[in-house]
Amino acid sequence: MAEEECIFCKIAKGQIPCEMVYEDDKVIAFKDISPEAPIHVIIIPRQHIVNLNLLKQDEVEIIGHIFMVAKKIVKTLGIDKSGYRIVNNCGEQGGQTVQHLHFHLLGGRMLKWPPG
Ligand code: 5GP
Ligand code: ZN
């Protein structure tokens, strides 16, 4: 999908509204429109990267940054001690529906394992 059509690029550019949780020059985090848990935040790089399959070596730093941002968010939302899950869905069988690399941050309830 072209970057111009990408819903998460539009959110990152402020062209589609979202309930923002965190932003900086590299990433943005916002509440999922269809939450699967009391806390369900989506964290994305501002840069359009389709998924892990297309991540380039010189883009690898963003992944570490996203996890450091997640660490901040869980503390702010008060689920750092109770626990949480970070999920990346990749490709069709992984359940990826939006073709812009993103991480789900889920918490606020007991999460089952394994996922369906
Ligand atoms: P995926 O299935 O690709 O791993 O996750 C995409 C996630 O993005 C889904 O959980 C879906 O609810 C969420 N989502 C899709 N469109 C929007 C939107 O326009 N706004 C927000 N906040 N979340 C969205
Ligand atoms: Zn995008």
Side-chain angles (χ1 to χ4, degrees):
M1 185 202 279
E3 200 171 324
E4 305 79 57
E5 303 297 316
C6 173
I7 201 155
F8 283 179
C9 279
K10 287 184 180 172
I11 288 176
K13 288 177 193 153
Q15 293 165 354
I16 291 178
C18 71
E19 280 192 72
M20 191 146 13
V21 174
Y22 174 91
E23 72 170 326
D24 63 27
D25 58 331
K26 296 188 197 70
V27 310
I28 173 168
F30 50 91
K31 291 187 186 174
D32 196 293
I33 205 165
S34 178
E36 297 291 349
I39 290 170
H40 188 170
V41 173
I42 300 285
I43 311 174
I44 66 169
R46 285 189 183 276
Q47 189 186 347
H48 183 80
I49 299 167
V50 171
N51 63 27
L52 186 58
N53 291 339
L54 292 166
L55 184 75
K56 300 187 188 108
Q57 187 63 47
D58 63 357
E59 294 167 338
V60 75
E61 259 181 43
I62 195 70
I63 305 298
H65 184 60
I66 284 172
F67 274 76
M68 289 311 284
V69 166
K71 183 180 165 182
K72 266 188 212 163
I73 292 172
V74 295
K75 198 138 199 220
T76 307
L77 297 180
I79 56 165
D80 53 325
K81 303 266 169 15
S82 53
Y84 52 88
R85 186 172 295 164
I86 296 170
V87 176
N88 170 242
N89 295 331
C90 185
E92 188 186 353
Q93 291 197 351
Q96 183 178 11
T97 60
V98 177
Q99 307 309 310
H100 180 129
L101 181 71
H102 57 278
F103 292 83
H104 297 256
L105 169 58
L106 298 146
R109 68 168 170 84
M110 278 303 295
L111 298 167
K112 292 187 190 118
W113 190 262

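Note that ligands are numbered from 1 as they come in the structure, with each ligand's atoms numbered from 1 the same way.
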Gln96-ligand 1 polar pair, N/O distance under 3.5 Å: no
Interatomic spacing from OH in Tyr84 to CD1 in Ile39 - rounded to 0.5 Å: 11.5 Å
Nearest atoms (heavy-atom pairs only) where Glu36 meets Arg109: O-NH2, 2.7 Å
Inter-residue atom distance Leu54.CG - His48.NE2, 0.5 Å rounding: 8.5 Å
Option with minimal heavy-atom separation from atom 23 (N) of ligand 1, where the choices are Ile33, Ile42, Val87: Ile33
Contact check, Asn88 vs ligand 1, heavy-atom distance below 4.0 Å: no
Ring geometry between Phe8 and His100 (parallel below 30°, tilted from 30 to 60°, perpendicular above 60°): perpendicular
Close side-chain approach of Asp24 and His65, heavy atoms under 4.5 Å: yes
N or O pair under 3.5 Å between Cys18 and ligand 1: no
Phe67 and Ile43, any side-chain heavy atoms less than 4.5 Å apart: no
Side chain, backbone, both or neither: His104 near ligand 1, heavy atoms under 4.0 Å: side chain
Residue and atom name of the nearest protein heavy atom (relative to atom 3 (O) of ligand 1), distance in Å to one decimal: Thr97 N, 2.7 Å
Flag if over 12 foreign heavy atoms under 6.0 Å of CD, Gln15: yes
Protein heavy atom at shortest distance from atom 5 (O) of ligand 1: His102 NE2, 3.0 Å
Leu111 side chain reached by Trp113 side chain, heavy atoms, under 4.5 Å: no
Heteroatoms of the protein, restricted to N/O/S, which lie under 2.8 Å from the Zn ion (ligand 2): Cys6 SG, Cys9 SG, His48 ND1, His100 ND1
Heavy-atom nearest option to atom 11 (C) of ligand 1, drawn from Asn51, Asp32, Val98: Asp32
Atom 22 (N) of ligand 1: the protein heavy-atom neighbour that sits closest, reported with distance to 0.1 Å: Lys31 O, 2.9 Å
Close approach, Glu36 and ligand 1, non-hydrogen under 4.0 angstrom: no
Polar contact flag for Asn89 and ligand 1 (N/O pairs, less than 3.5 Å): yes
Any Ile42 side-chain heavy atom under 4.5 Å of Ile33 side chain: no
Which residue and heavy atom of the protein sit nearest atom 19 (O) of ligand 1, plus the separation: Ile7 CD1, 3.7 Å
Protein heavy atom at shortest distance from atom 8 (O) of ligand 1: Phe8 CZ, 3.4 Å
